[in-house]
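Since the model is a prediction, treat every value here as computed from it, not as a measurement.
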Amino acid sequence: TATWLDHRDRLAVNLFFWSGFRESELVNLRLEHVQIERGHATIYNGKGKEDRMVPICPDVPPVLTAYLYSRPPWESNLLFASSTCRLPGP
């Protein structure tokens with residue numbers, strides 16, 4: 001069975017491979033910047049401090065959905081949770 005970390009890593013690899021994200025762009029990606037219905041993500045302050053739109057491969061949405069449903073809740077608006085993320089406490 002895949003863990004949330006497996007889903008996260010699969011999503012990251014898919015975005016690197018199919019969309020050409022740079023590492024810093026992927027790490028700083030926010031969910032609201034991913035427009036699945038439009039087939040792209042918007043990168044803000046990328047290389048050269050420029051904004052750009054990056055195409056999202058049609059294979060990515062199911063991987064993104066699997067990750068979002070398996071990811072633990074956490075206190076950040078970044079898409080990718082760290083394996084050591086601080087989970088909200090009681």
Side-chain angles (χ1 to χ4, degrees):
T1 334
T3 67
W4 75 271
L5 292 169
D6 296 328
H7 289 296
R8 180 202 63 188
D9 295 347
R10 183 172 178 219
L11 177 60
V13 168
N14 271 273
L15 290 172
F16 273 130
F17 184 77
W18 292 111
S19 302
F21 279 87
R22 293 176 178 91
E23 180 183 1
S24 61
E25 295 169 343
L26 200 62
V27 168
N28 293 309
L29 187 63
R30 298 171 188 264
L31 183 58
E32 62 266 20
H33 297 162
V34 179
Q35 302 293 319
I36 293 297
E37 65 282 351
R38 294 184 180 179
H40 73 270
T42 304
I43 304 299
Y44 295 97
N45 293 318
K47 186 175 181 181
K49 302 291 183 192
E50 293 191 19
D51 300 343
R52 65 187 177 103
M53 288 195 318
V54 177
I56 299 291
C57 173
D59 294 341
V60 170
V63 178
L64 174 63
T65 301
Y67 167 64
L68 292 176
Y69 278 106
S70 66
R71 175 178 82 167
W74 66 306
E75 300 170 349
S76 176
N77 55 357
L78 295 174
L79 176 61
F80 289 98
S82 165
S83 59
T84 58
C85 65
R86 291 186 57 199
L87 301 177

Within this structure, what is the [atom1]-[atom2] distance for the pair [X] and [Y], rounded to the nearest 0.5 Å?
X     : Y     : atom1 : atom2 : answer
Asp51 : Thr42 : CG    : OG1   : 8.0 Å
Arg22 : Leu29 : CZ    : CG    : 13.5 Å
Trp4  : Leu68 : CH2   : CG    : 12.0 Å
Leu11 : Arg71 : CG    : CZ    : 10.0 Å
Tyr44 : Arg30 : OH    : CZ    : 11.0 Å
Asn14 : Phe21 : CG    : CZ    : 11.5 Å

Count the heavy atoms of every other residue, nucleotide or ligand shown that sit under 6.0 Å from CZ of Phe17, and state whether that count exceeds 12.
->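 Count not over threshold, so no.
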
More than 12 foreign heavy atoms under 6.0 Å from CZ of Arg10: is that the case here?
->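 Result for CZ/Arg10: open.
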
What are the two closest non-hydrogen atoms of [X] and [Y], and how far apart are they?
X     : Y     : answer
Arg52 : Gly20 : NH2-O, 3.8 Å
Pro58 : Pro62 : O-CD, 4.0 Å
Ser19 : Cys57 : OG-N, 4.2 Å

Single-linkage hydrophobic cluster [X]~[Y], side-chain heavy atoms < 4.5 angstrom:
X     : Y     : result
Leu64 : Trp18 : no
Phe16 : Met53 : no
Leu31 : Val60 : yes
Phe80 : Ile36 : yes

Under the 3.5 angstrom rule, does the side chain of [X] hit a backbone N or O of [Y] as a donor-acceptor pair?
X     : Y     : answer
Arg8  : Ala81 : yes
Asp6  : Thr3  : yes
Tyr67 : Leu79 : yes

Hey, mind stepping through Glu23 and Glu25 against side-chain contact (heavy atoms from CB on, under 4.5 Å) and telling me if it holds?
-> CA-CA 5 Å; Glu23 180 183 1; Glu25 295 169 343; over 6 Å; no

Close side-chain approach of Asn28 to Ile43, heavy-atom, < 4.5 Å |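 Result no, sub-4.5 Å side-chain heavy-atom pair not found.
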
